[in-house]
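As structure tokens, the structure follows; a few thoughts come after it.
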Amino acid sequence: MEDKRTPMEPAELLEMPEKQPEPQQYYGTSIPEKPKKSHTWLLVILCILLVALGSMVVLDSLFQLRVVKENGKFRLTLTNRDSGESQITAHMGTLTPSGSEDMEQTTQSADTDTNVSLQISAADSQQGLSAKELYSAVNPSVVCITTDGYNGTLTGTGVILTRDGYILTTNDILSGALSVTVTFYDDATAQATQVGEESTTGIAVIKADADGLTPAQLGDPDSLSVGDRVISIGNPYGSQIHNVLSEGVVSAISTEAVVNGEKMTLLQTTASFGSGNNGCPVINTSGQVVGITTQVGQLLTDSGSDPNLAVSIVSAKQIVENLIHTGYASQSLWLGIEITQIPIQYQIYCDYPGRIWISAVGRNTLASQALRVHDIITEVDGVKVETPEGYYQALSAHEAGDTVRLTIFRAGSWFQIDLPLSTK
């Protein structure tokens, strides 16, 4: 049989559709293709970190962040590196423009009775205690003082003056201190605040957070003679081995020593005063403190060594009482202000034009109307001064009632002020 079918043209061929991928199924439900992950949020975080880092670099190049202890408390200060001007001060959790605080003095008197009057008793000429007996009697009144701050960790000695914690010591261990710790004879410790200091004698007072202490008995150094036996108790090894006894004799007594224009009584002994012993007491054979060792001896020698000199307790008495009552020490000639050396780290990093600044301003004085704590003094009567000693020497050229002109630098500006010189 003849096949009548005709061959199909190629165009007539049915094209098979390409096989399409089947959609993925998940429990019978089609799931669309997942979108590609976006990393935009990572780029945003990276940009924020870069901006923050750049801001920190810029701020560090323009400003310096400092921690300053003032009035017994800490504050953070952002300081312009070029001008030295404090821009913002953070104090007790608030931000205030620098200079708005009441900065009448840099030290803080404790919230206790400041009406302290020290009593000096005559020595008992019939009483001559042995070194062992003297140590037992006076040891509870001697403390080791440890400070931590800009100058590292420093140690010294102190003498308890009152039951509620006023302690006599020396100002060299308090320089740049951010914290002060007192270690008592029985190894008990307490924190302390700075009350005040006097730069010429080196006398300083701190207030320990303690009560029921054993105050030292104070004796009259006028009863001493060259050759009399004395002891001292100090801390040459810090708080690890504290309250170390040293025995000697009085080798010299000066009743007319003049340091920076100030007359005072100094005692020289053969008792060993080493590192850590500044602030230790000189004790007579009646168990009374007759002197306190400070760096005053370094001011009297060209070599800078300390020839075992101590300030008599009579010379220290008025200074101590003024520090406790007012926070500043009286000078025989003064302008209503106390001054001190600018800490070396400020001199280096802030490049101040002077080397001394005001540490306290007397209340209700003419100086209090114009001057502030941390004002820098560069000249007295047109003569450049760079040390507290030079400042007081410049004052000693005048008499009470004279007018003295100070050149002051504050926050990038200069001005001069005339103040009357008075006695206290």
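Being a predicted model, the structure only gives us computed values, none of them experimental.
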Distance-minimising heavy-atom pair for [X] and [Y]:
X    : Y    : result
P221 : I313 : CD-CG2, 4.1 Å
V290 : L267 : O-CD1, 3.7 Å
C280 : I233 : CB-O, 3.0 Å
S315 : T265 : OG-N, 3.0 Å
A131 : E247 : CB-OE1, 3.8 Å
I160 : P140 : CD1-O, 3.6 Å

Non-hydrogen side-chain atoms of [X] and [Y] separated by less than 4.5 Å:
X    : Y    : result
V180 : T193 : no
V385 : E379 : no
L118 : V320 : yes
I145 : I173 : yes
I376 : I342 : yes
L218 : K317 : no
I283 : Y135 : no
T387 : Q341 : yes

Tell me, with the steps shown, if Y166 and I206 meet side chain to side chain contact (heavy atoms under 4.5 Å, CB included). CA-CA 6 Å; Y166 283 108; I206 62 175; over 6 Å; no

Using the six-membered ring wherever Trp is involved, compare the ring planes of Y352 and Y346 and label them parallel, tilted or perpendicular (cut-offs 30° and 60°). perpendicular

For the side-chain contact (heavy atoms from CB on, under 4.5 Å) test, which of L371, L366, I358, L395 pairs with L335? L395

Polar side-chain atom of [X] near backbone of [Y] as donor-acceptor pair, under 3.5 Å:
X    : Y    : value
D228 : S225 : yes
S286 : Q288 : no
E133 : S130 : yes
T147 : A177 : no
D402 : H398 : no
N284 : G287 : yes
T270 : V249 : yes
S141 : T214 : yes
S359 : E338 : yes
S136 : K132 : yes

[atom1] of [X] to [atom2] of [Y]: how many Å apart, nearest 0.5 Å?
X    : Y    : atom1 : atom2 : value
R372 : I408 : CZ    : CD1   : 12.0 Å
I231 : S246 : CD1   : OG    : 9.0 Å
R229 : L224 : CZ    : CG    : 12.0 Å
L406 : I417 : CG    : CD1   : 7.0 Å
H374 : F409 : NE2   : CZ    : 14.5 Å
D186 : T189 : CG    : OG1   : 9.5 Å

In this structure, are over 12 heavy atoms from other groups packed under 6.0 Å from D211 atom CG?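 Yes - once you tally the heavy atoms of other residues, nucleotides and ligands closer than 6.0 Å, there are more than 12.
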
Using a 6.0 Å cut-off, check whether atom CD of Q217 has over 12 heavy atoms from anything other than its own residue. no

For the pair I120 and D220, evaluate side chain to side chain contact (heavy atoms under 4.5 Å, CB included) and give the outcome as yes or no after the intermediate values. CA-CA 6 Å; I120 296 179; D220 188 354; 4.1 Å; yes

Side chains of Q416 and T407: do they bring a donor and an acceptor to under 3.5 Å? yes

Verdict with reasoning, T294 to I203, per side chain to side chain contact (heavy atoms under 4.5 Å, CB included): CA-CA 7 Å; T294 71; I203 295 295; 4.0 Å; yes

Does D381 come within less than 4.0 Å of R405, counting only side-chain N to carboxylate O? no

Exactly one of T155, N278, T157 should register a side chain to side chain donor-acceptor pair (under 3.5 Å) with N235. Which one does? T157

W357 vs T340, test: side chain to side chain contact (heavy atoms under 4.5 Å, CB included). Steps then yes/no. CA-CA 6 Å; W357 63 12; T340 189; 3.6 Å; yes

